[in-house]
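All chains are named by letter (A, B, ...) in the order of the sequence lines, taking the proteins before the strands, and each is independently numbered beginning at 1. Remember, predicted model here, so these are calculated numbers, not experimental data. Excluded from the calculations below are hydrogen atoms, water molecules and symmetry mates; all remaining heavy atoms, backbone and side chain alike, are included.
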Amino acid sequence: MRCSIKYNWPLLVLNSQSMSVLGSVVHWFRLDLRVHDNLALRNAINEAENRKNFLRPIYIIEPDILKQIRGNRLRFLIQSLHDLDANLRKLNTRLYIVRGKTSECLPELLKKWNVKYLTLQVDIDPFYIKQDEVIENFCDKNDIFVVKRVQHTVYNPQTVLKKNNGNVPLTYQKFLSLVNDIQVKECIEIKKEISEDCKSSDFNSKSYDVPSLTEIELDESSDFKYPGGESEGLKRLLTYMAKKQWVCSFEKPNTSPNSIEPSTTVLSPYISHGCLSARLFYHKLKQVESEMRHSEPPVSLLGQLMWREFYYTAGTGTENFDRMVGNSLCTQIPWGNNKDHLKAWSEGKTGYPFVDAIMRQLTQEGWIHHLARHMVACFLTRGDLWVSWEEGAKVFEDLLLDYDWSLNAGNWMWLSASAFFYKYFRVYSPVAFGKKTDKDGLYIKKYVPELKKFPSEYIYEPWKAPQSVQRAAGCIIGENYPKRIVDHDKVHKENMKKMSEAYKINKEKKALKRPRSD
DNA sequence: GGACCGGTTGTCAGA
DNA sequence: CTCTGACAACCGGTC
């Protein structure tokens, strides 16, 4: 179990000055790329100042990550690191970028720097859990005190699970009832400049600088829609919180998935990277809501934040949460394995313009509206292509700026009707759904420019356009834009039957597992 | 055990 | 333009 450890050593234990000068305190940044509301960072600063130790806030860039994540997310990360460095410098410290494999270079540095105290944020992604175990073992053996803080969510998922007798709350309402009476603590502030004594001799070394975008072969010149960083995140938060009427009347299902400019806040990339504290968002929302009548969860803005908490709780309390097999929450469904369909979907070449527009916006900008995610996730899985939600989740992991381990797996299970949501007969139509908020298909015309000149009448179903219309629009279906890869009307009904079968088997299995009461 | 309720966000036809 | 029911009938939580 990962919980924060309280630090109680009396300060008098270490009183030799020569000893304390040699020691270092490290705060290890991962998914908490901010100075505000960062308790682990403040713990590190206090410890360094009290003991006159060197303070080294670090971030580790793994060589693999440059290959693993695509341009948009990598760019967001690098921008966030630049901003973090700048914000740390305002406090008279800096960010030390370390390059290498964490399991190798971190123990080496902890020794080299004579680190006595390491602080970090608890993260629940199995990747981090595994990595942390290695590092914590090393620290244990080398008398390095480790302080871990839960600060990526408003509530501590472990606390919520405990309140539910160790069980994962399976409905949103149940989750809300569990957190209803939990008091949310105020945010942490770090304002005071850090003492000169905490600067090590290598403070000005360029070798620890944040790499430039050009250095890692990313375009620096373009104007980016969602620049990374704490400063951007805070600015965005304050801009939206100032629109009090908008905040209080927000209802998610009434926002548009296909407006040209986002109809929601796009705070998610900042929260997922920890550029913005979820708790700060919570308190700001509470403050605005206290002033007037407002919408309520699940549809309100606060409700959106609670969805994140809901999935974090489920992800924390479930083995193999990001997989179907071995995942107790997930209905076992015999998904197919059509690689061509998966490829067409991920590249925005399904022949369904609305689906393709969404996938292309995702590739280009790294963000799509939540309901747009519904559309394409349903289409890939239970709606049309019958491809496993795990495949879709991998593509989202690659492309989304706001990629988050527990939210990604949780939402994919929701949309594929594998967990949390079960009304599999509610299928999104790739033709009808987008029309509700964008009758003329302006969104499609922006992201699928081949179809720019198509008349609105055919923009959602270009295969229906007569040859003469296709020629006039300069786009022949099957040549300049793909023919649709499946017939939605036909295939979604077949898939519903398959879902029904899978549910039936699932039910029988569950009945077998249930202990008999005689 | 069983009945009932409610679930952020479906679609289509018809009133 | 908004509302309704049919479609076919899911699940978890509660009493």
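Counting non-hydrogen atoms under 4.0 angstrom, A:Phe421 reaches nothing in the nucleic acid. Using a 4.0 Å heavy-atom cutoff across all strands shown, A:Phe420 reaches no nucleic acid atom at all. Using a 4.0 Å heavy-atom distance criterion, A:Leu371 is classed as a base contact. Residue-level contact check: A:Lys497 touches neither bases nor backbone, having no heavy atom under 4.0 Å from any strand. Across all strands shown, A:Val427 has heavy atoms under 4.0 Å from sugar-phosphate atoms exclusively, and none from any base. Among the atoms of the strands shown, only primed sugar atoms or phosphate atoms (P, OP1, OP2) are found under 4.0 Å from some heavy atom of A:Lys174.
Side-chain atoms of A:Tyr352 and A:Asp384 include no donor-acceptor pair closer than 3.5 Å. A side-chain donor from one of A:Thr255 and A:His369 sits under 3.5 Å from a side-chain acceptor of the other. Using a 3.5 Å distance cut-off with no hydrogens or angles, the side chains of A:Thr437 and A:Asn258 do pair a donor with an acceptor. Judged purely by distance below 3.5 Å, without hydrogens or angles, the side chains of A:Tyr311 and A:Asp404 never pair a donor atom with an acceptor atom. In the model, A:Asn408 has no side-chain atom that pairs as donor or acceptor with a side-chain atom of A:Tyr403 under 3.5 Å.
Taking atom CD of A:Gln173 as the reference point, atom P of B:dG6 lies 11 Å away to the nearest angstrom. Rounded to a whole Å, the NZ atom of A:Lys423 is 11 Å from the C1' atom of B:dC5. If you measure from atom CG of A:Leu415 to atom C1' of B:dT8, you get 12 Å, rounded to the nearest angstrom. Here B:dG10 presents its C1' atom at 15 Å from NZ of A:Lys435, a figure rounded to the nearest Å. Following rounding to the nearest Å, A:Arg373 (CZ) and B:dT8 (P) show an atom-to-atom distance of 19 Å. Distance NE2 (A:His492) to C1' (B:dG10): 9 Å, rounded to an integer number of Å. Across the protein-nucleic acid pair, A:Gln304 atom CD and B:dT9 atom P stand 12 Å apart, rounded to whole Å. Between the C1' atom of B:dT8 and the NE2 atom of A:His369 lies a distance of 12 Å, rounded to the nearest Å.
Between C:dA9 and C:dG5, the distance separating the two C1' atoms is 14 Å to the nearest Å. Taking atom P on both nucleotides, C:dA8 is separated from B:dG7 by 24 Å, rounded to a whole Å. When the P atom is compared between C:dC7 and B:dG6, the two are found 23 Å apart, to the nearest whole Å.
Nearest-nucleotide positions on DNA chain C place A:Met496 closer to the 5' end than the other of A:Met496 and A:Asn506.
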| task | Decide yes or no on ring pair (Phe, Tyr, Trp, His ring centres under 6.0 Å) for A:Phe420 and A:Phe310, but give the supporting numbers first. | result | CA-CA 11 Å; A:Phe420 310 117; A:Phe310 170 71; 5.3 Å; yes
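Between A:His488 and A:His492, the ring planes lie parallel to each other; the angle is under 30°, not in the 30° to 60° tilted range. Aromatic ring orientation, A:Trp405 versus A:Phe321: tilted (interplanar angle from 30° to 60°). The aromatic rings of A:Tyr172 and A:Trp307 lie parallel to each other, with less than 30° between the two planes, well short of the 60° mark.
One finds no salt bridge joining A:Lys483 and A:Glu461 here, because no Lys/Arg side-chain nitrogen approaches an Asp/Glu carboxylate oxygen to under 4.0 Å.
Near-neighbour residues of DNA chain B inside residues 308-330 of chain A, defined by a heavy atom below 4.0 Å, are absent.
Counting only Watson-Crick and G-U wobble pairs whose two distances sit under 3.5 Å, DNA chain B takes part in these stems of three or more pairs: B:2-7 with C:10-15, B:10-15 with C:2-7.
One finds the OG atom of A:Ser295 at 10.0 Å from the CG atom of A:Asn254 (value rounded to the nearest 0.5 Å). From A:Ser263, atom OG reaches atom CZ of A:Phe250 across 7.0 Å, with rounding to the nearest 0.5 Å.
Judged by the 6.0 Å distance and 45° axis criteria, A:Lys243 is positioned over the aromatic ring of A:Tyr240.
Here chain A contacts DNA chain C (any atom closer than 4.0 Å to a heavy atom, that is under 4.0 Å), and the contacts span C:dC10 to C:dT14 from 5' to 3'.
Contact between the side-chain N/O atoms of A:Arg426 and the OP1/OP2 oxygens of B:dT9 is found at a separation under 4.0 Å.
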